[in-house]
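Quick caveat, the model's predicted, so the values are computed rather than measured.
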Amino acid sequence: MEKHQMKQLYQNIDVPKAELKNVIHSAAVRAGKEGAVRRRWGRKVINGLAVAAALFILYLSSGLFMPSVNTAMGNIPVAGQIYSLFQDKAGSALFKSNLVTKLNEKAESRGITVTVKSVYYDSGQLVYNFIVDNLKSDEESISFQVDYKDPRNMLAEDYDSSDMKKMKDGRYAGQLRLFTDGSKLKDGDKLPLVITQIKDIPGNWRFTLPIKKQKSVSLEGTKAVNVNHGLYRFFDIRAENGTTGSALLYSIDFYDAAKNDAISIYEATDDAGNHYEMTASNIELGGRKNLPGGGKRIRGQTQFSKPIDPKAKTLFITGNLKTESEPGEIVPLKTKLPVSYKTKHHHVGITIKKIKQQDRRVIVDYQFTGINYSKADKDQLMNVGESIGLGNTKKMKTWPSLNEYEKGYYLKGNKAKVTNLKTGEMESVFELDDSSDKDYSLRDFSFDSYALYVNQTVMNLLADDKGITFAVPVRPADGK
């Protein structure tokens with residue numbers, strides 16, 4: 001390779017020039033070319049050029065091309081090596097601009113020393129880098145566990161970054177990444193934490209670390225938004241821009257039957273035509289708070305791949321329900337028919353029209369309502385119908401959940417069929433005797449003592465649209 005070609009490659013290294021003045025250029029190539037977008041759910045973008053570059057980098061780093069490469073890598077500041085090792089674009093950019101706070105906080109336990117080398121804050125993320133000495137292992141990646149105090153109820157650990165990686169010199173490097181709410185952080189605050197385990201070694205590596213916060217451009221929502229029949233209320237919406245991405249922060253009140261739900265915001269656009277793709281979502285900061293009436297409140301966060309336009313006047317938010325849970329209905333077999341029930345999430349209904357017994361079988365005729373019959377799927381209707389159970393009325397009321405039922409007193413499923421697809425009419429047959437395992441046959445069955453269990457959580461699968469979309473006006477957070 002010609003010298004001018006090597007020079008062009010190594011000039012792209014993402015670390016301070018002053019601290020790399022005497023570092024061999026090929027080492028800089030490797031540090032600068034390893035950046036790849038990390039997604040919380042593991043998706044990575046790769047192309048042919050990247051593969052070729054990676055092979056070339058491996059060739060360089062092997063020492064076959066240039067034996068001094070490993071020596072040069074050792075001269076790069078440790079913090080710079082860690083950002084490269086973890087493909088941390090934001091950290092690399094901040095490090096290059098001297099916006100990373102250097103630390104040298106040490107703790108020793110079980111003969112192993114952990115040294116926290118740096119900290120930075122960027123778009124809703126508080127990141128600590130550390131190295132581990134005197135840890136003997138041949139593994140390239142090692143897990144660690146950490147406990148921390150969160151008196152303001154505003155932190156969430158990024159479990160995707162809970163592994164340490166082996167460095168060239170044999171030591172291990174790690175990143176502790178905490179998602180947080182920048183509006184509640186104060187520069188100079190302290191974070192008490194303890195690393196409780198490294199690999200399979202329990203220990204007590206205890207720290208009280210400073211919190212450093214950089215100035216950032218923020219937008220704030222100007223109104224609260226109710227969605228999905230008022231089950232969810234979004235408020236205190238903020239967008240905070242960082243070096244390479246942004247964080248959307250929001251509070252959600254989950255009302256009534258929705259108190260155990262989880263929402264993922266995965267996309268946003270603005271009135272200027274910009275599109276923002278999430279890199280991490282479904283993040284809950286701190287724990288859920290109780291609301292009067294039995295609801296829950298959370299502080300949530302979504303990480304986006306690029307900064308949000310500070311001139312945006314409206315954000316259009318798109319998400320979905322990761323989980324939606326509703327209590328089931330216990331319907332005694334001797335209930336006066338017809339009887340109807342409706343889910344609170346999507347108003348999917350069921351009307352039980354007829355219940356009868358034929359020998360050792362119970363036959364139930366019913367109809368699903370509140371759904372789009374023109375788009376109804378026969379297999380999906382059958383699957384939801386088969387979720388209806390039959391059990392001893394008194395015992396069902398005492399079990400912690402229907403997944404912890406007592407054998408011989410509950411039939412978890414049935415044979416369901418669609419009798420009229422155009423109207424959502426169904427029939428379910430419960431066989432009271434289990435030919436494969438007699439322990440599961442119903443004991444002392446009678447119409448007086450048994451009831452149907454209608455799983456309303458599963459019924460929500462029949463809803464035509466389970467997405468979440470809403471618009472929120474925004475303005476600069478300083479009010480100007």
Chemist: Between Lys353 and Asp365 (salt bridge meaning N to carboxylate O under 4.0 Å), is one present in this structure?
Modeler: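 Salt bridge: no.
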Chemist: Decide side-chain contact (heavy atoms from CB on, under 4.5 Å) for Ile350 and Lys342; before the verdict, give the C-alpha distance in whole Å, the side-chain angles of both, and the deciding distance to 0.1 Å.
Modeler: CA-CA 6 Å; Ile350 184 173; Lys342 184 186 295 184; over 6 Å; no
Chemist: Answer whether the closest heavy-atom distance between the side chains of Met396 and Tyr453 falls below 4.5 Å.
Modeler: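 The answer is yes; the side chains approach within 4.5 Å.
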Chemist: My understanding is that only one of Asn460, Asn455, Thr457 makes a side-chain hydrogen bond (donor to acceptor under 3.5 Å, both in side chains) with Glu326; could you say which?
Modeler: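 Going through Asn460, Asn455, Thr457 one by one, the side-chain hydrogen bond (donor to acceptor under 3.5 Å, both in side chains) with Glu326 is satisfied by Asn460 alone.
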Chemist: Give the minimum heavy-atom separation between Lys212 and Leu126, together with the two atoms involved.
Modeler: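 Shortest heavy-atom separation between Lys212 and Leu126 comes out as O-CD1, 4.4 Å.
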Chemist: Inspect the surroundings of NZ in Lys311 and state if more than 12 heavy atoms from other residues, nucleotides or ligands are less than 6.0 Å away.
Modeler: no
Chemist: Between Arg475 and Glu220, does the salt bridge (Lys or Arg N to Asp or Glu O under 4.0 Å) criterion hold? Intermediate values first, please.
Modeler: CA-CA 6 Å; Arg475 64 186 179 190; Glu220 62 182 5; 3.0 Å; yes
Chemist: Could you walk me through whether Tyr255 and Tyr232 pass the ring pair (Phe, Tyr, Trp, His ring centres under 6.0 Å) check?
Modeler: CA-CA 6 Å; Tyr255 293 120; Tyr232 315 110; 8.9 Å; no
Chemist: Treating Asn383 as the side-chain partner and Asp379 as the backbone partner, does any N or O pair qualify as donor plus acceptor under 3.5 Å?
Modeler: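 Confirmed, Asn383 side chain pairs with Asp379 backbone.
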Chemist: Just jot down the salt bridge (charged side-chain N to carboxylate O under 4.0 Å, His left out) partners of Lys334, sequence neighbours excluded, or say none.
Modeler: Asp448
Chemist: Is the shortest side-chain N to carboxylate O distance from Glu277 to Lys306 below 4.0 Å?
Modeler: no
Chemist: For Asp122 and Thr244, which heavy atoms make the closest approach, and how far apart are they?
Modeler: OD2-N, 4.4 Å
Chemist: Parallel, tilted or perpendicular: which fits the ring planes of Tyr410 and Trp399, with parallel below 30° and perpendicular above 60°?
Modeler: perpendicular
Chemist: How far apart are the C-alpha atoms of Tyr341 and Thr351, what are their side-chain angles, what is the distance that settles it, and do they pass the side-chain contact (heavy atoms from CB on, under 4.5 Å) test?
Modeler: CA-CA 7 Å; Tyr341 303 94; Thr351 298; over 6 Å; no
Chemist: Quick check on the 6.0 Å ring-centre criterion: do Phe445 and Tyr409 meet it?
Modeler: no
Chemist: What residues, two or more places apart in sequence or in another chain, satisfy salt bridge (charged side-chain N to carboxylate O under 4.0 Å, His left out) together with Asp271?
Modeler: none
Chemist: Can Arg152 and Asp189 be counted as an ion pair, charged N to O under 4.0 angstrom?
Modeler: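 Yes, charged N to carboxylate O under 4.0 Å.
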Chemist: Specify the closest pair of heavy atoms between Ala477 and Arg238, including all atoms of both residues, with the distance to one decimal.
Modeler: CB-NH2, 3.9 Å
Chemist: Just wondering, more than 12 heavy atoms not from Asp439 lying within 6.0 Å of its CG?
Modeler: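 More than 12 within 6.0 Å, yes.
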Chemist: The test is side-chain contact (heavy atoms from CB on, under 4.5 Å); show your working for Leu103 and Val119 and say whether it passes.
Modeler: CA-CA 7 Å; Leu103 303 173; Val119 58; 3.8 Å; yes
Chemist: Would you say the side chain of Val114 lies within less than 4.5 Å of the side chain of Glu108, judging by non-hydrogen atoms?
Modeler: no
Chemist: For residues Ile142 and Asp163, determine if any side-chain heavy atom of one lies less than 4.5 Å from a side-chain heavy atom of the other.
Modeler: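 No, every pair of side-chain atoms sits at 4.5 Å or beyond.
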Chemist: Between Lys166 and Glu139, is the closest basic N to carboxylate O distance under 4.0 Å?
Modeler: no
Chemist: Say whether Thr393 and Ser449, considering side chains only, have a donor N or O and an acceptor N or O under 3.5 Å apart.
Modeler: no
Chemist: So which atom in Leu285 and which in Ala156 form the shortest heavy-atom distance, rounded to 0.1 Å?
Modeler: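 Closest heavy-atom pair between Leu285 and Ala156: CD2-CB, 4.0 Å.
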Chemist: For Phe235, is the NZ or CZ atom of Arg233 found under 6.0 angstrom from the centre of its six-membered ring and inside 45 degrees of the ring axis?
Modeler: yes
Chemist: State, with a plain yes or no, whether a side-chain heavy atom of Arg361 is found less than 4.5 Å away from one of Leu432.
Modeler: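 In short, these two side chains do not touch, never coming nearer than 4.5 Å.
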Chemist: Does a salt bridge link Lys415 with Glu427, judged by any charged N lying under 4.0 Å from a carboxylate O?
Modeler: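 Answer for the salt bridge query: no.
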Chemist: Using a strict 4.0 Å threshold on nitrogen-to-oxygen distance, state whether Arg299 and Glu284 make a salt bridge.
Modeler: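 Result for this pair is no, no salt bridge flagged.
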Chemist: Here's a test for you: under ring-ring contact (aromatic ring centres under 6.0 Å, His included), which of Tyr250, Phe316, Phe234 qualifies with Phe470?
Modeler: Phe234
Chemist: How about Met426 and Phe368: do any of their side-chain heavy atoms sit closer than 4.5 Å?
Modeler: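 Side-chain contact under 4.5 Å: yes.
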Chemist: Give the minimum heavy-atom separation between Tyr366 and Ile352, together with the two atoms involved.
Modeler: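 What the structure gives for the nearest pair is CB-CA, 4.0 Å.
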Chemist: Can you give me the closest heavy-atom contact between Pro310 and Leu219, atom names plus distance?
Modeler: O-CD2, 3.6 Å
Chemist: Quick one: do the Glu386 and Asn414 side chains pair a donor with an acceptor below 3.5 Å?
Modeler: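 Looking only at side-chain atoms, Asn414 and Glu386 do not form any donor-acceptor pair under 3.5 Å.
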Chemist: Are there over 12 heavy-atom neighbours, none belonging to Lys259, within less than 6.0 Å of that residue's NZ?
Modeler: no
Chemist: Are any side-chain N or O atoms of Ser281 and backbone N or O atoms of Ile265, one a donor and one an acceptor, separated by less than 3.5 Å?
Modeler: yes
Chemist: Report the distance from atom CG of Leu135 to atom CD1 of Ile112, rounding to the nearest 0.5 Å.
Modeler: 5.0 Å
Chemist: Do Leu411 and Asp434 touch side chain to side chain, with heavy atoms closer than 4.5 Å?
Modeler: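 Of all side-chain heavy-atom pairs linking Asp434 with Leu411, none is under 4.5 Å.
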Chemist: What pairs with Tyr276 under ring-ring contact (aromatic ring centres under 6.0 Å, His included), at least two apart in sequence or on another chain?
Modeler: none
Chemist: Under a 3.5 Å cutoff, is there a donor and acceptor pairing between the side chains of Gln301 and Asp181?
Modeler: no
Chemist: Step by step, work out the side chain to side chain donor-acceptor pair (under 3.5 Å) result for His345 and Gln456.
Modeler: CA-CA 10 Å; His345 282 82; Gln456 293 194 107; over 6 Å; no
Chemist: Do NZ/NE/NH1/NH2 and the carboxylate oxygens of Asp261 and Lys296 come within less than 4.0 Å?
Modeler: no
Chemist: Answer yes or no: is there a side-chain heavy-atom contact under 4.5 Å between Val331 and Val339?
Modeler: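 When only atoms from C-beta onward are counted, Val339 and Val331 do touch, with a gap below 4.5 Å.
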Chemist: With distance as the sole test, does Arg110 use its side chain to make a donor-acceptor pair with the main-chain N or O of Pro202 at under 3.5 Å?
Modeler: yes
